[in-house]
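Input: a single structure, listed below in structure tokens.
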Amino acid sequence: MPLSRLNPEQLQAAKAPFGHNLIIASAGTGKTSTIVGRIGYLLKEGVKPEEILLLTFTNKAAAEMVERVAGYFSKEVATRIEAGTFHAVSYRWLKKMDRQIILKQPSELKTLFRSIYDKRQFHHLQAEGQPFSANFLYDLYSLYQNATMEDFESWLNRRHEGQEPFIEIYLDIIREFEETKESYGFVNFNDLLILMREAVKESELPFKEVLIDEYQDTNELQGSMIDAMEPPSLFCVGDYDQSIYAFNGANINIIGSFTKKFADAKVFTLTKNYRSTAPILSLANRVIEYNERIYPKQLEVVRQGNAQMPKLLIFDNLLQQYETIAHMIRRSTTPHKEIAIIFRNNASADGVEAMLREQGIACKRKGGRSFFDAKEVKAALDIATLIANPKDMMAFIHIFEYAKGIGSATAKELFEGLITLGDGNMLEGIFHPKSMTNPFKTRSTNYQLGLFDHPTQIGSVSRFAHLGLDENFMAHPILKHPSLNADGVRFIYDFFKLAKDLKAKKQPVSIIRTILSSATYGFIIEQLARKRATLKNGEIDEAKKDEALDRIKRKGGLLVQLANAYNTLEKFINAMVLGGKELSEGEGVNLLTVHASKGLEFSEVYIIDLMDGRFPNRKLASQAGQIEEERRLFYVAVTRAKDLLYLSYAKYDSFKDTNFMPSQFLYEAGLLKKDQTFEKLKALSDH
DNA sequence: ATTAATCCAGTTTTT
DNA sequence: CTGGATTAAT
């Protein structure tokens, strides 16, 4: 039974009566065990698994807890619990409610946003100052949606001075963006929560209790979604000192004002730290004490006995730092999967990884960046997306832009032509065009006579007769597009053939396999490989090209493996968007950002690049309240360590030719003696 | 108007 | 090294 393994504090929390319960669980106090215990308690009390909603910060965390529940009960029971991130759960429920939504990658929607932004004119307002760029405006609007319930205009005016002249245009861009998004059925991460918030008001949800993990990182949007659900019972677990998602709208006041919000609120505090040795904990506490306290912190060390003191490592050079740490890891007796290297920003990862590789040490990096951002992976997924959602114009454009002579404009026209021919369904437009006539409107700005030798040939398919392609295909009205060349026609031919092959397939694996072996995909990766093997002088290095192709093929293999785990294409594609970043590649030493390290623990931890400006991030630290968040980040990083902790920094980066001062946190931790440098740094962050 | 080629800046953190 | 912006070519 999960309850029997809890200490009295944890047990009391796990057996809390229904109502509004807040569990303050500092780092390493058995938060997960308590949640699992609570679920066990609920099940024992007769709550059905499907009446439990468990919201976590990552899907991996949800899966882990479900697995632990499965260990105590059964897999059958555990998997009936509704568990996942706010986003994943919202998506599942919206689908269950039969909502036609297509979740798109943020970068995709940014492109759409930019295209709408670019239609607007700003130059008549030149005297009024500089308007935000499309990218910045998108991010700002996204943050706004997460962070507050007030209207965008007042929020923006409060936060950014001098933007009033542009606000009307901004609002117009946003309006059109929202409309366009809706017309395509696209949603982004925020929309999932917003739609869910609306949906729960109308339908009865079965949940008797909602459990929320990492409650300190809940933002206003997520909070409002919970409010809208009005669950009969809440079980929120968090730690004020580990709130590190302010950039995403996380508001520590949500956890801070819990008792004010709910009159019947009960607060339980877990104080016994089982994870770290005394010196590690005391270091963490020394630093976090610099933040103003909301709750008193009274961590008790459970672990006794000899412990290694945390060590400060100082290097002259950045690379020397990475190299030495790689050395230390090679000589360490700790199993590599129990070792983590933690950094503030991803930029640190490449250098470390290279040095580890050099010494033959395998490492594991949270994937995504490298894998899902690769063009070859995107292309394969775009094709798959198009089969699942024939309405997805953006996917269509991305694929057809690979064809010679077809750019985004022509691709868009082709798509719209197919939509017309297929009565709203692109695939129908391919297979059963409803008419054989030219679907393209003649342009207002027609080509001037003379550009072509024979005006009668414009749109005449006869110019492609020499290709010797299938007669039926040549009759397809889409080929009447005036700006197509032979390469374009060939590409379309290959794509039609692929679409036909895919039509009969249902399993994601076989769909992906078919895509990977298609002529269309072959053409795309050939182009990518050639580009990657092109030297400065324009020549193509054949050996390099083969290597590139090899890497591409390997990624394809991985994609097949991933697809194997899903039985519908839609689920597969969605999982790639929603959870793609959570996949990690490789085995061995863990390379993590502080954010990614949240909730994990390791025997041996290296926190690197502890230089002023990088950690804390100086650009941010100058903003109000941000140095506190940076300090919480440091606290999170330190408390990942169980036995051994190394903190390191380098004085000089020879690539960028910059000198660094140590992070102020090293002074606060007592690892460096407070001197003028510290006073200077502190003054900087206190602005 | 559109596409293709070339140049240039930039890099926090995540669902 | 990428992605966006600018510029040259069709």
Side-chain angles (χ1 to χ4, degrees), chain A residues 55-62 84-91 103-107 110-111 114 118 133-135 139 142-143 145-146 187-193 214 217-219 221-222 243-250 342-350 366 368-370 373-375 400-413 443-448 451-452 481-485 487-488 527 531-532 534 536 538 574-575 577-582 592-598 609 613-621 623 626 629-630 632-633 636-637 655-656:
Chain A
L55 294 168
T56 56
F57 210 75
T58 64
N59 288 305
K60 199 174 142 203
T85 62
F86 281 81
H87 297 91
V89 167
S90 297
Y91 181 85
L103 181 62
K104 295 296 281 183
Q105 297 276 9
S107 62
K110 253 186 185 174
T111 306
R114 200 167 41 246
D118 284 342
S133 70
N135 266 327
D139 290 338
S142 177
L143 173 61
Q145 287 188 309
N146 277 292
V187 295
N188 60 21
F189 288 126
N190 295 347
D191 293 330
L192 286 176
L193 305 189
E214 310 284 7
D217 284 320
T218 309
N219 63 37
L221 176 54
Q222 293 164 330
S243 174
I244 52 174
Y245 279 86
F247 69 90
N248 198 31
I342 298 177
F343 32 79
R344 173 66 177 90
N345 26 249
N346 271 310
S348 304
D350 290 335
K366 226 173 173 190
R369 209 146 274 105
S370 46
D373 282 353
K375 293 208 169 56
F400 277 74
E401 271 180 322
Y402 280 105
K404 284 275 166 303
I406 296 177
S408 56
T410 308
K412 184 171 183 234
E413 284 171 4
R443 303 174 197 211
S444 48
T445 52
N446 227 323
Y447 291 92
Q448 292 294 311
L451 262 178
F452 293 87
H481 192 286
S483 60
L484 282 179
N485 61 22
D487 286 330
Q527 212 172 307
K531 207 166 146 200
R532 284 168 202 181
T534 304
K536 274 216 171 86
N574 177 60
V577 179
L578 210 53
K581 284 241 159 70
E582 290 180 29
L592 301 159
T593 63
V594 183
H595 286 91
S597 77
K598 196 170 78 156
D609 286 340
R614 293 185 70 157
F615 195 171
N617 184 315
R618 186 49 64 198
K619 217 167 105 194
L620 285 182
Q623 293 164 30
Q626 286 298 325
E629 173 126 339
E630 294 289 311
R632 287 192 294 269
L633 276 162
V636 168
F655 281 112
K656 290 190 181 141

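Note on naming: letters A, B, ... go to the chains in the order of the sequence lines (proteins, then strands), and numbering restarts at 1 for each one. Note: hydrogens, waters and symmetry copies are ignored here, and every other heavy atom, side chains too, is used.
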- prompt: If each of A/A88 and A/K404 is mapped to the nucleotide of DNA chain B with the nearest heavy atom, which maps nearer the 5' terminus, i.e. the 5' end?
  reply: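 Closest to the 5' end, via its nearest nucleotide, is A/K404.
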- request: Would you kindly compare A/E629 and A/G405 by the position of their nearest DNA chain B nucleotide and give the one closer to the 5′ end?
  value: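 Going by which nucleotide is closer to the 5' end, it is A/G405.
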How many Å lie between [atom1] on [X] and [atom2] on [N], as a whole number?
X: A/L143; N: B/dT12; atom1: CG; atom2: P; answer: 15 Å
X: A/K412; N: B/dT3; atom1: NZ; atom2: P; answer: 12 Å
X: A/L103; N: B/dT14; atom1: CG; atom2: C1'; answer: 14 Å
X: A/R632; N: B/dT13; atom1: CZ; atom2: P; answer: 18 Å
X: A/E401; N: B/dA4; atom1: CD; atom2: C1'; answer: 12 Å
X: A/L192; N: B/dT14; atom1: CG; atom2: P; answer: 19 Å
X: A/F615; N: B/dT11; atom1: CZ; atom2: C1'; answer: 17 Å
X: A/F400; N: B/dT2; atom1: CZ; atom2: C1'; answer: 18 Å

With respect to the side chain of [X], which nucleotide from [options] is positioned closest?
X: A/T58; options: B/dT13, B/dT3, B/dT15; answer: B/dT15
X: A/F247; options: B/dT12, B/dT2, B/dT13; answer: B/dT13
X: A/R344; options: B/dT14, B/dT12, B/dT2; answer: B/dT12
X: A/E413; options: B/dT2, B/dT13, B/dT3; answer: B/dT2
X: A/H87; options: B/dT15, B/dT12, B/dT3; answer: B/dT15
X: A/K375; options: B/dT15, B/dT13, C/dG3; answer: C/dG3
X: A/T593; options: B/dT13, B/dT3, C/dG3; answer: B/dT13
X: A/F189; options: B/dT14, B/dT15, C/dG3; answer: B/dT15
X: A/R114; options: B/dT15, C/dA5, B/dT2; answer: C/dA5

query: What nucleic acid atoms does A/F86 come within less than 4.0 Å of, heavy atoms only: base, sugar-phosphate, or nothing?
result: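 Nothing: the residue A/F86, judged by heavy atoms under 4.0 Å, touches no strand.
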Look at the side chain of [X] and the backbone N and O of [Y], then say whether any donor-acceptor pair between them is shorter than 3.5 Å.
X: A/S597; Y: A/V594; value: yes
X: A/N146; Y: A/L143; value: no
X: A/N59; Y: A/T85; value: yes
X: A/D217; Y: A/Y245; value: yes
X: A/R632; Y: A/S243; value: yes
X: A/N248; Y: A/N219; value: no

- prompt: Phosphate oxygens OP1/OP2 of B/dT13: is one of them under 4.0 Å from a side-chain N or O of A/N248?
  reply: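 A/N248 to B/dT13 OP1/OP2: no side-chain N or O under 4.0 Å.
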